[in-house]
Amino acid sequence: MAEVVFEGATRIYEGTTAPAVNRLSLDIADGEFIVLVGPSGSGKSTALRMLAGLEPLDEGYVRIAGEDVTDRAPKDRDIAMVFQNYALFPHLDVAGNIEFGLRLRHVPKHERRERVLKTARILGLEEFLSRKPSQLSGGQRQRVAMGRAIVREPKVFLMDEPLSNLDAKLRTQTRTEIAALQRRLNVTTVYVTHDQVEAMTMGDRVAVMHGGTLQQIGTPRELYDLPRNTFVAGFIGSPAMNLRRVKVDGREVHLGSNVLALPDSAAKMVADCGLDEVVIGVRPEGASFSPDGIAMTVHLVEELGADAYVYGQLSSLEGEDEEPFAVRVSGQSPPSMGDTVGIVLTGTVHLFDPSTGERLGLG
């Protein structure tokens with residue numbers, strides 16, 4: 001069993017007052033693939049380094065497989081890391097790089113060879129075992145770095161932005177390989193990335209961090225359908241959810257120069273909270289075109305083949321500038337820049353408290 005537990009884990013760097021990671025509590029199940037995602041400075045890499053033993057904890061503790069490892073050295077935690085920069089030895093061939101950790105642990109030569117060959121078969125590296133890293137592509141070097149972790153047969157894999165140095169096509173291919181490999185090996189894996197698309201396509205669960213604090217953890221579908229606050233709503237999804245602060249008048253809200261009736265359940269939530277303003281959120285696919293809808297001037301059209309994303313400015317009573325409103329439509333016949341189209345809301349309308357950013361109706 002290799003459960004991982006953070007309990008109130010806090011890290012405050014010298015010379016700062018705000019924690020880089022603030023009281024992180026997180027339970028990761030045995031064999032689970034969990035992704036820590038967030039913007040730069042959110043604390044995700046620091047949390048990973050705390051788990052690895054590369055950063056001390058100022059408060060709280062970390063457990064691996066039921067054992068408190070808070071004060072243990074990295075070598076005593078039975079973890080293996082895959083880094084962004086591969087960290088391969090240029091003078092060693094692929095076989096030498098993969099077996100390096102086993103040599104340090106004085107694993108017998110015959111066992112090293114068996115484990116290296118087994119790992120090479122898993123990763124499709126058998127024909128490259130005698131090559132040096134300089135003779136490999138970026139994707140092949142990343143697989144060698146993964147092989148060096150796999151061959152150790154650790155309790156936990158830790159991966160810190162391992163795909164950042166790959167081009168877009170290779171990133172897509174390699175993330176699929178990593179996800180499939182993790183499910184085959186069934187090893188508890190903690191994966192750090194700033195790319196929310198990567199997080200949503202790989203993780204069993206995704207933990208969203210911001211400002212050193214865990215904002216929400218759940219399956220990709222849970223995060224997309226039920227974001228806990230406006231940060232998660234705006235971070236998860238590409239393009240991001242459309243968020244607007246609007247006035248409430250009884251059972252109606254004012255969006256641009258249009259008045260929209262709230263569903264009964266939403267109107268009750270707003271009334272129960274005593275709010276005269278709310279933040280409403282609508283996914284790009286939750287809106288569509290209609291001649292009788294809210295007027296929007298098209299500023300940009302992104303054509304992606306089957307789909308197109310249309311960005312524009314909603315008509316407004318006051319004429320104030322707002323963030324562009326995004327709508328996903330069929331790529332067959334999207335509007336052109338400068339066109340005026342009508343927008344109707346056909347999908348879920350999410351409601352958030354404008355002062356706290358929290359989703360209404362959570363409690």
Side-chain angles (χ1 to χ4, degrees), residues 196 200 206 208 210 215-216 218-300 302 307-318 320-330 334-335 340-363:
Q196 57 92 16
M200 296 286 280
V206 178
V208 182
H210 179 54
Q215 300 291 312
Q216 185 175 355
T219 66
R221 177 52 58 189
E222 288 169 346
L223 296 183
Y224 194 82
D225 289 345
L226 295 170
R228 188 177 185 85
N229 55 41
T230 52
F231 176 80
V232 177
F235 188 79
I236 297 295
S238 180
M241 181 184 288
N242 300 294
L243 296 169
R244 292 290 186 278
R245 184 166 179 154
V246 298
K247 296 184 182 299
V248 179
D249 182 11
R251 304 178 67 83
E252 299 174 331
V253 297
H254 297 267
L255 179 61
S257 58
N258 293 263
V259 177
L260 303 176
L262 288 173
D264 291 344
S265 57
K268 184 178 186 306
M269 280 192 291
V270 174
D272 290 345
C273 296
L275 299 173
D276 57 6
E277 288 187 330
V278 295
V279 174
I280 67 170
V282 180
R283 294 284 183 196
E285 66 273 17
S288 59
F289 293 156
S290 172
D292 300 324
I294 304 167
M296 184 180 86
T297 302
V298 177
H299 290 173
L300 176 67
E302 291 182 347
D307 295 321
Y309 289 108
V310 179
Y311 300 85
Q313 197 76 38
L314 296 180
S315 62
S316 171
L317 288 170
E318 294 83 14
E320 73 274 9
D321 290 332
E322 290 182 339
E323 289 291 320
F325 195 91
V327 183
R328 189 177 80 180
V329 299
S330 169
T340 298
V341 296
I343 300 296
V344 292
L345 307 185
T346 54
T348 301
V349 175
H350 305 262
L351 298 177
F352 304 92
D353 188 311
S355 59
T356 66
E358 291 297 306
R359 183 183 189 87
L360 297 184
L362 280 178

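These figures come from a predicted structure and were not determined experimentally.
Within the 4.5 Å cutoff, the side chain of Pro324 has no heavy atoms near those of the His299 side chain. Side-chain atoms of Arg221 and Leu223, non-hydrogen and from C-beta on, never get closer than 4.5 Å to each other. In this structure the side chain of Val206 reaches within 4.5 angstrom of the side chain of Pro220, judged on heavy atoms. Side-chain atoms of Gln215 and Phe235, non-hydrogen and from C-beta on, never get closer than 4.5 Å to each other. Residues Leu360 and Phe352 form no side-chain contact, since every pair of their non-hydrogen atoms from C-beta on lies 4.5 Å or further apart. The side-chain heavy atoms of Val298 and Thr340, taken from C-beta on, include no pair separated by under 4.5 Å. Using a 4.5 Å heavy-atom cutoff, the side chains of Arg359 and Leu226 are in contact.
A donor and an acceptor atom, one from each side chain of Asn229 and Gln216, are nowhere located under 3.5 Å apart. Residues Asp292 and Ser290 have side chains that never bring a donor and an acceptor to within less than 3.5 angstrom of each other.
To the nearest 0.5 Å, atom CZ of residue Arg283 and atom CZ of residue Arg328 are 11.0 Å apart. If you take CD1 on Ile280 and CG on Leu345, they are separated by 6.5 Å, rounding to the nearest 0.5 Å. To the nearest 0.5 angstrom, Phe325 atom CZ is 11.5 Å from Gln313 atom CD. Residue Phe231 holds its CZ atom at 8.0 Å from CD1 of Ile236, rounded to the nearest 0.5 Å. The line from OH of Tyr224 to OG1 of Thr219 is 13.5 Å long, rounded to the nearest 0.5 Å.
Qualifying side chain to side chain donor-acceptor pair (under 3.5 Å) partners for Tyr309, counting only residues two or more places apart in sequence or in other chains: none. With sequence neighbours left out, the side chain to side chain donor-acceptor pair (under 3.5 Å) criterion links Thr356 to no other residue. In this view, Thr346 and Ser288, Val344 satisfy the side chain to side chain contact (heavy atoms under 4.5 Å, CB included) rule, not counting sequence neighbours. Here Arg244 pairs with Glu322 under the side chain to side chain donor-acceptor pair (under 3.5 Å) rule; sequence neighbours left out. Partners of Asp307 according to the side chain to side chain donor-acceptor pair (under 3.5 Å) rule, which considers only residues two or more places apart in sequence or in another chain, do not exist here.
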For residues 268-279, dump all side-chain donor-acceptor pairs below 3.5 Å to protein atoms at least two apart in sequence or in another chain.
{"unit_1": "Lys268", "atom_1": "NZ", "unit_2": "Asp272", "atom_2": "OD2", "d": "2.9"}
{"unit_1": "Glu277", "atom_1": "OE1", "unit_2": "Arg245", "atom_2": "NE", "d": "2.8"}
{"unit_1": "Glu277", "atom_1": "OE1", "unit_2": "Arg245", "atom_2": "NH2", "d": "3.0"}
{"unit_1": "Glu277", "atom_1": "OE2", "unit_2": "Lys247", "atom_2": "NZ", "d": "3.4"}

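Of all heavy-atom pairs spanning Pro334 and Val329, the tightest one is CB-CG2, 4.4 Å. Looking at every heavy atom in both residues, Pro239 comes nearest to Ala326 through CB-CB, 4.4 Å. Of all heavy-atom pairs spanning Val341 and Pro335, the tightest one is CG1-CB, 4.0 Å. Annotation for Met241 and Ala233: closest pair CB-O, 3.3 Å, computed over non-hydrogen atoms.
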